[in-house]
Chemist: 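Dumping the structure here so I can ask a few things about it.
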Amino acid sequence: MVVETAELQSELEAKGELMIAVSEFDEPLEMHLHDTAIEDGVITIQLTDGVLTFDVDEVVAFWHHTHSLADFGLED
């Protein structure tokens, strides 16, 4: 999957948060509209203890991240 910068930005703005798989990381990352900037093909995520920066070209997949009642042990 080739991820385009404009598509990723558009989806992040529409959904407010996305999960992304990045080739250099073993676990998916969570991006939020309030802490993520995508400029000139570079993604910058502001974390509580630093900044994570990588190229959009390193993103191999993205999806909308949701939660359910079961995720929190609150299902009926």
Chemist: Side chains of F25 and I20, heavy atoms from C-beta outward: is any pair under 4.5 Å?
Modeler: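 No, too far: nothing below the 4.5 Å cut-off.
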Chemist: Hey, can you pull the donor-acceptor pairs under 3.5 Å for the side chains in residues 36-48, sequence neighbours left out?
Modeler:
from	atom 1	to	atom 2	distance (Å)
T36	OG1	H32	N	3.4
T36	OG1	H32	O	3.0

Chemist: Name all pairs fulfilling the salt bridge (Lys or Arg N to Asp or Glu O under 4.0 Å) condition that reach into residues 8-26, sequence neighbours left out, sorted by first residue then second.
Modeler: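 Every salt bridge (Lys or Arg N to Asp or Glu O under 4.0 Å) pair that includes a residue of residues 8-26, provided the two are not neighbours, is E11-K15.
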Chemist: Is it true that L12 and L52 fall in one hydrophobic cluster, defined by side-chain heavy atoms closer than 4.5 Å?
Modeler: yes
Chemist: Using a 3.5 Å cut-off and no angle test, enumerate the donor-acceptor pairs between side-chain atoms of residues 57-70 and protein atoms at least two apart in sequence or in another chain.
Modeler:
from	atom 1	to	atom 2	distance (Å)
E58	OE1	S23	OG	2.3
H65	NE2	H67	NE2	3.3
S68	OG	A70	N	3.3
S68	OG	D71	N	3.2
S68	OG	D71	OD1	3.4

